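FYI, side chains are in, hydrogens and waters are out, and symmetry mates aren't considered; it's all heavy atoms of this structure. Nothing here was measured: the structure is a model prediction, and the numbers come from that model.
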Amino acid sequence: MTKKILSIILISVSVVAAKAQSFDKKNVALCYFNVIINSNLEIIPNKAIADSIYKEIYGVLNENAGIELKSVDFLKDNVKYFLGYPIGRAKNAAKSKKCNNYVKIVIDISPDGIFTTKDAAFTVAGIGKEKKKVNTKIKVGIVMIIYDENGEKIKDLQAKATSKDKIIIDSESLLIGDFSFINKKKNDSNFDTFQNILYQAAADLANKSN
């Protein structure tokens with residue numbers, strides 16, 4: 001009888017543990033999204049940059065891992081927002097009872113190794129004028145934390161990628177979604193390089209989430 005009771009307890013614990021670690025990729029909401037750009041790049045994150053980067057990451061996670069994030073304004077009444085994206089705690093998001101899972105995504109963009117700067121005025125959408133472009137290898141790191149329906153962390157995933165060559169990086173180089181500025185052709189190699197390393201990091205992250 002004792003062995004039978006112990007077996008039932010162990011089975012119950014296993015079921016609860018499995019449920020706690022499950023990730024419902026079809027019912028998940030973004031509770032926090034932030035793009036961090038190293039201060040040495042002298043680029044202030046803005047909505048255009050956030051939109052472009054989110055669009056790429058959303059597409060890669062969907063295609064490579066089958067993760068279907070709800071619309072970015074899904075938790076509008078439940079957590080704080082900045083630049084149109086949620087910046088709330090998973091616990092607060094979970095109080096909405098809207099999803100089985102919630103995710104936090106942070107993108108870190110930084111120079112890799114020795115870099116140089118030169119004067120070259122360019123416009124940062126919605127911010128004003130900046131005065132420098134940075135010639136450097138670029139490193140992109142992505143962190144994605146997955147939470148359960150109660151806002152408890154169940155997975156902490158990280159991925160990164162670094163460009164092979166140096167590029168001239170500016171706000172335009174980070175806009176990889178819908179190109180909408182005049183000097184697109186002038187910076188084609190920058191677009192290709194940044195898009196490639198962002199895709200590499202996002203694809204690695206997607207594979208780790210499977």
Side-chain angles (χ1 to χ4, degrees), residues 7-37 45-109 140-161 174-178 194-210:
S7 297
I8 292 173
I9 291 174
L10 289 174
I11 291 171
S12 300
V13 169
S14 298
V15 170
V16 171
K19 184 178 180 181
Q21 294 299 315
S22 66
F23 178 30
D24 186 352
K25 296 180 179 182
K26 307 297 183 183
N27 190 16
V28 55
L30 185 72
C31 66
Y32 186 101
F33 180 79
N34 191 22
V35 176
I36 300 171
I37 303 177
N46 57 63
K47 192 172 188 319
I49 290 173
D51 286 347
S52 296
I53 292 175
Y54 177 76
K55 180 178 179 181
E56 178 76 1
I57 290 175
Y58 174 91
V60 174
L61 290 178
N62 195 327
E63 182 177 347
N64 293 31
I67 298 173
E68 298 179 6
L69 296 175
K70 305 290 186 183
S71 62
V72 294
D73 61 353
F74 186 74
L75 295 172
K76 200 74 174 180
D77 298 325
N78 304 102
V79 298
K80 293 180 179 179
Y81 274 68
F82 178 68
L83 296 180
Y85 290 89
I87 53 169
R89 294 176 64 249
K91 289 282 189 181
N92 290 339
K95 291 177 183 178
S96 69
K97 301 297 182 184
K98 288 185 174 181
C99 287
N100 292 337
N101 291 102
Y102 301 88
V103 296
K104 173 180 180 178
I105 299 176
V106 178
I107 298 89
D108 188 275
I109 302 165
V140 173
I142 308 176
V143 173
M144 182 168 73
I145 302 175
I146 302 169
Y147 303 91
D148 65 15
E149 60 186 0
N150 299 313
E152 299 290 342
K153 182 168 69 174
I154 60 175
K155 281 186 180 182
D156 188 340
L157 308 172
Q158 300 184 32
K160 64 180 179 180
L174 302 183
L175 297 175
I176 60 163
D178 298 319
F194 183 73
Q195 185 169 15
N196 183 49
I197 59 175
L198 179 61
Y199 180 87
Q200 287 178 30
D204 185 19
L205 192 76
N207 290 335
K208 289 178 179 178
S209 71
N210 286 323

- Lys95, NZ: over 12 other non-hydrogen atoms inside 6.0 angstrom: no

- Validate the cation-pi geometry between Lys98 and Phe74: distance from NZ or CZ to the six-membered ring centre under 6.0 Å, angle to the ring axis within 45°. yes

- Mutual orientation of the aromatic rings belonging to Phe33 and Tyr54 [parallel < 30°, tilted 30-60°, perpendicular > 60°]: perpendicular

- Geometric cation-pi criterion, Lys104 with Tyr147: 6.0 Å, 45°: no

- Heavy-atom pair with the smallest gap, counting every atom of Lys97 and Asn150: NZ-OD1, 4.2 Å

- CD1 of Ile87 to CG of Asn34: how many Å apart, nearest 0.5 Å? 7.5 Å

- 4.5 Å side-chain heavy-atom contact, Pro45 and Ile37: yes

- Can you check side chain to side chain contact (heavy atoms under 4.5 Å, CB included) on Tyr102 and Ile146, steps first, answer last? CA-CA 6 Å; Tyr102 301 88; Ile146 302 169; over 6 Å; no

- Do you know which two heavy atoms are closest between Ala159 and Asp204, and how far apart they sit? CB-OD2, 3.5 Å

- For the side-chain contact (heavy atoms from CB on, under 4.5 Å) test, which of Ile53, Ile105, Val60 pairs with Ile142? Ile105

- Query: How long is the span from the SG atom in Cys31 to the NZ atom in Lys80, to the nearest 0.5 Å?
  - Reply: 14.5 Å

- Message: Just verifying a value: how many Å separate Leu75 CG and Lys70 NZ, rounded to the nearest 0.5 Å?
- Response: 10.0 Å

- Item | Positive for side-chain contact (heavy atoms from CB on, under 4.5 Å) with Phe23, one of Ile67, Asn100, Asp148 | Ile67

- With the threshold set at 4.0 Å, does a side-chain nitrogen-carboxylate oxygen contact exist between Glu152 and Lys91? yes

- Query: Stepwise, does the side chain to side chain contact (heavy atoms under 4.5 Å, CB included) test hold for Ile36 with Ile107?
  - Reply: CA-CA 6 Å; Ile36 300 171; Ile107 298 89; over 6 Å; no

- Nearest non-hydrogen partners of Val72 and Gly84, listed with the distance: CG2-O, 4.0 Å

- Can you measure from CG (Asp108) to CD (Gln158) and round to the nearest 0.5 angstrom? 10.5 Å

- Evaluation steps, side-chain hydrogen bond (donor to acceptor under 3.5 Å, both in side chains), between Asn210 and Lys25: CA-CA 10 Å; Asn210 286 323; Lys25 296 180 179 182; 2.8 Å; yes

- Distance, nearest 0.5 Å, that separates CD of Gln200 from CD of Gln195: 11.5 Å

- Task: Decide yes or no for Val103 and Ile145: does some side-chain heavy atom of the first lie under 4.5 Å from some side-chain heavy atom of the second?
- Result: no

- Heavy-atom check, side chain of Tyr81 versus side chain of Pro86, under 4.5 Å: yes

- Message: Main chain of Ala93, side chain of Asn78: is a donor-acceptor contact present, judged purely on distance under 3.5 Å?
- Response: no

- Task: Only one of Asp156, Ile57, Leu61, Val106 passes side-chain contact (heavy atoms from CB on, under 4.5 Å) with Met144; say which it is.
- Result: Leu61

- Output for pair (Ile49 CD1, Leu83 CG), nearest 0.5 Å, gives 10.0 Å

- Could you give me the CA-CA distance, side-chain angles and deciding distance for Asn27 and Asn101, then say whether side chain to side chain contact (heavy atoms under 4.5 Å, CB included) is met? CA-CA 7 Å; Asn27 190 16; Asn101 291 102; over 6 Å; no

- Message: Closer than 3.5 angstrom, by distance alone: can the side chain of Ser209 be matched with the main-chain N or O of Ala206 as a donor-acceptor pair?
- Response: yes

- Is it true that Asp51 and Lys55 have a side-chain N and a carboxylate O under 4.0 angstrom from each other? no

- Message: Would Leu205 and Asn207 count as a side chain to side chain contact (heavy atoms under 4.5 Å, CB included) here? Give the steps.
- Response: CA-CA 5 Å; Leu205 192 76; Asn207 290 335; over 6 Å; no

- Task: Return yes when atom CD of Glu63 has more than 12 non-hydrogen atoms of other residues, nucleotides or ligands closer than 6.0 Å, and no otherwise.
- Result: no

